[in-house]
Protein chains: 2
Amino acid sequence: MATSEPGTRPTTIYSVAQLAGVSIATVSRVLQGTGATSAQVRAQVLQAVEDLEYVPRRSARSLAVQRHDAQGLVVHDLTGPYYSELLMGYESAAGEFGQSVIIVVTGQREDPERSVLELASRVDGLVLANSTLPDDAARALGRRTPVVMLARAAVPGCDAVSAENAQSARELTEHLIAHGRRRLFFVGDPEGSPDVQERYRGFTAALSSSDASAVGPAIRVDFRELSGAKVAAQVMGHSNGPDALVCANDELALSTMKALQRAGVKVPDDIAIVGWDDVMTARYVSPGLTTVRQPLFELGRLAATRLHERITGAPVAPEPRILPTELVLRSSCGCPETDDRDVPWVTS
Amino acid sequence: MATSEPGTRPTTIYSVAQLAGVSIATVSRVLQGTGATSAQVRAQVLQAVEDLEYVPRRSARSLAVQRHDAQGLVVHDLTGPYYSELLMGYESAAGEFGQSVIIVVTGQREDPERSVLELASRVDGLVLANSTLPDDAARALGRRTPVVMLARAAVPGCDAVSAENAQSARELTEHLIAHGRRRLFFVGDPEGSPDVQERYRGFTAALSSSDASAVGPAIRVDFRELSGAKVAAQVMGHSNGPDALVCANDELALSTMKALQRAGVKVPDDIAIVGWDDVMTARYVSPGLTTVRQPLFELGRLAATRLHERITGAPVAPEPRILPTELVLRSSCGCPETDDRDVPWVTS
DNA sequence: TGCAGGCTTGTAAGCGCTTACATAGACGGA
DNA sequence: TCCGTCTATGTAAGCGCTTACAAGCCTGCA
């Protein structure tokens with residue numbers, strides 16, 4: 001009914017109180033469900049609320065209760081399925097707690113630090129993904145508001161959640177060695193992100209406890225799909241090139257694979273390729289890409305949950321929470337084709 | 001320095017004023033840049049702000065100025081590259097306007113309508129994507145706050161932005177007809193979303209002005225990748241089946257294509273397949289998937305921009321803003337393979 | 001009938017910020 | 001020297017909500 005006709009002041013708790021014939025305190029009590037109220041009055045108030053289509057202003061409430069009921073999620077970018085899944089998970093958990101989620105993408109902000117600081121002033125806590133803010137900035141932030149680090153190392157005063165990396169990297173590498181591969185290269189820049197660093201660590205660990213060749217220097221390229229051609233060129237330039245490539249993520253693996261195949265290299269016969277993330281494309285290409293699946297949705301949920309715990313009083317966890325990952329064996333590693341695995345029973 | 005030691009009250013504009021030896025009004029003026037202030041005082045205030053690491057509480061400001069500097073983005077889900085791109089674009093534009101973006105995913109809310117209403121109370125306006133709220137709810141919302149409809153039909157009182165659909169559907173269909181296809185089927189549920197409905201409209205329009213067969217009923221399946229097998233079964237069950245499939249999106253096209261290929265059907269020789277969205281997989285599969293690229297990032301930017309204009313006073317635009325799309329011809333339609341098109345010069 | 005104690009409701013004091021308005025200097029011209 | 005004008009600053013009134021506290025009412029018991 002009484003929607004904001006031009007000139008009419010928007011409906012507030014005062015309008016409701018007036019219409020219901022009670023004080024604003026009573027309206028507030030009815031709406032919060034705090035304090036005792038008679039059924040009679042409650043009905044009147046609810047009726048008035050409905051008639052006026054009243055929704056309390058959040059800012060007024062936030063100011064009064066000193067709480068925003070909102071969480072901030074800070075990521076570097078949103079490209080690829082990685083962040084979609086993560087964000088879905090995050091939002092789903094936050095929603096259950098009645099928390100809004102405000103997202104800022106630092107990659108497209110000219111002054112990320114300022115943006116995050118500003119964000120901090122409108123949320124009760126925030127989650128910082130990797131490549132967003134340097135550690136010291138994060139630590140400083142952690143002193144003024146609850147902070148959860150996502151997919152990056154914990155800093156003092158902040159919680160951390162992430163998916164397992166080193167162990168699965170090790171398994172993946174050992175799997176390739178078991179396939180008889182001996183000249184394995186890592187593709188990706190370990191300096192680029194904590195995730196990649198961990199993966200590289202697992203990779204070297206597996207190699208050094210095997211009879212495979214000493215580790216070649218990692219082929220350092222950035223994360224993106226674009227880099228495949230560069231990698232392929234470098235690989236083929238080698239006189240005694242690699243017989244297996246462990247790529248830091250699927251985009252890299254796929255574009256490298258495609259570039260290699262186009263140049264006549266057989267995958268996996270001449271060279272095996274594996275990646276990370278289990279993106280949709282991984283199960284559509286031929287050969288299917290062996291990769292590592294991360295529980296992204298769950299990771300998002302975990303981050304939101306942990307942050308909420310912190311906000312509501314839980315202490316900083318002494319240890320980071322690390323979610324297990326899952327090897328997805330297709331045939332780019334040398335395994336036989338198995339159709340079943342490619343049935344998309346799960347949407348990634 | 002003076003970060004919140006336990007027991008210390010958090011720093012407010014009062015602390016700053018006190019430290020700087022001025023009144024809170026002056027602090028506010030310096031920080032806003034409104035009103036004249038002497039260089040002397042300005043320096044003192046700024047120094048105090050820095051010393052105390054003061055950041056104004058947003059809720060207090062929002063309450064005072066009756067503005068949130070935040071926009072709400074309401075989507076049904078976030079799966080697939082569609083929403084990542086869109087969200088990136090949205091966030092980038094909103095950030096430039098100094099607006100935060102709060103996102104709610106209705107698909108995982110038990111009471112979407114309530115969630116959105118609540119959202120409305122903490123933002124200055126919102127963008128509603130399709131499949132989130134019914135039109136009448138949207139219209140009601142539009143009466144109390146600026147609303148922009150995204151990829152769905154305008155309703156009175158709301159703006160609308162979307163990507164072109166019917167025209168490109170028509171071109172795509174005509175392209176298939178030019179390849180000699182005569183028994184074209186549409187795959188997807190036109191009732192499911194306004195986008196699909198438009199595409200279907202373009203599809204039928206192209207058919208009816210050609211000598212191609214009358215349109216078979218659309219093969220109605222939902223959007224997701226899972227449906228491919230069903231479609232393939234249905235297609236192959238036909239005695240005189242289709243020689244071309246226009247799929248409502250790439251996920252559908254790709255999974256159908258894979259299922260068909262696995263059953264020995266040759267694409268595009270036996271049957272051509274085309275889709276929508278130009279997802280990453282489209283350029284990695286063989287044959288490359290012919291599809292329609294939507295300017296998702298731009299669409300996101302446009303939505304944010306339009307909403308911001310509305311919030312800052314612009315009237316509702318009489319016409320929806322429609323962004324052009326682009327046919328991406330690969331070989332699943334019958335065109336010869338062209339490698340160049342597959343170079344990922346753009347990340348989608 | 002009077003009164004203690006339990007419910008329900010109202011009153012009013014914030015929450016931290018912005019901003020209209022009042023005030024106090026500083027300056028220049030008569 | 002006095003007064004009108006500006007300019008820089010302070011004062012205080014909100015913004016809409018929550019919540020501690022006060023107050024009023026009703027009940028049951030002595």
Side-chain angles (χ1 to χ4, degrees), chain A residues 4 8-46 48-49 52-70 98 118 120-124 144-145, chain B residues 4 8-46 48-49 52-70 98 118 120-124 144-145:
Chain A
S4 49
T8 309
R9 294 206 52 63
T11 91
T12 68
I13 198 172
Y14 291 94
S15 355
V16 176
Q18 186 171 18
L19 181 59
V22 300
S23 76
I24 59 165
T26 301
V27 175
S28 181
R29 274 182 220 115
V30 169
L31 260 26
Q32 306 296 315
T34 67
T37 44
S38 69
Q40 154 83 333
V41 162
R42 210 175 310 137
Q44 280 168 221
V45 169
L46 261 16
V49 165
L52 296 169
E53 293 181 351
Y54 170 68
V55 180
R57 304 282 182 295
R58 287 311 282 243
S59 46
R61 160 161 245 272
S62 297
L63 181 57
V65 302
Q66 300 282 74
R67 189 159 29 84
H68 295 94
D69 288 321
E118 210 174 285
S121 77
R122 54 162 76 225
V123 296
D124 300 322
R144 73 156 58 208
T145 187
Chain B
S4 49
T8 308
R9 293 206 52 63
T11 90
T12 69
I13 199 172
Y14 290 94
S15 354
V16 176
Q18 186 172 18
L19 181 59
V22 299
S23 76
I24 60 164
T26 301
V27 175
S28 181
R29 278 189 288 257
V30 169
L31 260 25
Q32 307 295 316
T34 66
T37 45
S38 70
Q40 154 83 334
V41 162
R42 210 175 311 137
Q44 281 167 221
V45 169
L46 261 16
V49 165
L52 297 170
E53 292 181 352
Y54 170 67
V55 180
R57 303 282 181 295
R58 288 310 284 244
S59 46
R61 160 162 244 274
S62 297
L63 181 57
V65 302
Q66 300 282 73
R67 189 160 29 84
H68 295 95
D69 289 320
E118 209 174 285
S121 77
R122 53 162 76 226
V123 295
D124 300 322
R144 72 156 58 208
T145 188

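Letters A, B, ... mirror the listed sequences (proteins, then strands); counts begin at 1.
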Inset, instruction - Hey, which sits more toward the 5' end of DNA chain D by its nearest nucleotide, B:V65 or B:T26? - result: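 On the 5' side of the pair lies B:T26.
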Rounded distance in Å - [atom1] ([X]) to [atom2] ([N]):
X: A:Q40; N: C:dT8; atom1: CD; atom2: P; value: 13 Å
X: B:R122; N: D:dG16; atom1: CZ; atom2: C1'; value: 15 Å
X: B:Y14; N: D:dA12; atom1: OH; atom2: P; value: 12 Å
X: A:R58; N: D:dT18; atom1: CZ; atom2: C1'; value: 13 Å
X: B:R61; N: D:dG14; atom1: CZ; atom2: P; value: 20 Å
X: B:I24; N: D:dG14; atom1: CD1; atom2: P; value: 15 Å
X: A:L31; N: D:dG16; atom1: CG; atom2: P; value: 16 Å
X: A:L63; N: D:dT19; atom1: CG; atom2: C1'; value: 14 Å

Quick check: closest heavy atoms across [X] and [Y], and the distance to 0.1 Å?
X: A:R57; Y: A:P10; result: NH2-CB, 3.2 Å
X: A:T11; Y: A:L52; result: CG2-O, 3.7 Å
X: B:V27; Y: B:A17; result: CG2-CA, 3.6 Å
X: A:Y54; Y: A:T12; result: CE1-C, 3.4 Å
X: B:S62; Y: A:S59; result: CB-CB, 3.5 Å
X: B:I13; Y: B:I24; result: CD1-O, 3.6 Å

Closest to the [X] side chain, choosing from [options]:
X: A:S28; options: D:dT19, D:dC15, C:dT9; answer: D:dT19
X: A:R57; options: D:dG16, D:dT18, C:dC17; answer: D:dG16
X: A:P56; options: C:dG16, D:dG10, D:dC17; answer: D:dC17
X: A:S38; options: D:dT18, C:dT8, D:dG10; answer: C:dT8
X: A:Q32; options: D:dT9, C:dT11, D:dT18; answer: D:dT18
X: A:S23; options: D:dC17, C:dG10, C:dG16; answer: C:dG10
X: A:Y54; options: D:dT9, C:dG10, D:dC17; answer: D:dC17
X: A:A25; options: C:dG10, C:dT18, D:dG16; answer: C:dG10

Legend entry - hbond_proxy A:R29 side chain to C:dG10 base (donor-acceptor, 3.5 Å cutoff): yes
Legend entry - 5'-most by nearest nucleotide on DNA chain C - B:T34 or B:S59: B:S59
Inset, instruction - Before accepting this row, confirm whether a basic side-chain N of the pair A:R122/B:D69 lies closer than 4.0 Å to the acidic partner's carboxylate O. - result: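 Here A:R122 does not pair with B:D69 in a salt bridge, since their nearest N and O are not under 4.0 Å apart.
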Inset, instruction - Specify the angle, to 10°, made by the local axes at the two ends of the helix from C:dT1-D:dA30 to C:dA30-D:dT1 when five pairs are taken at each end. - result: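 Angle reported: 60°, given to the nearest ten degrees.
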Legend entry - Pair A:T37, A:R42: side-chain N/O donor-acceptor within cut-off below 3.5 Å: yes
Legend entry - Under-4.0 Å side-chain N/O to phosphate OP1/OP2 contact, A:Q66 with C:dG16: yes
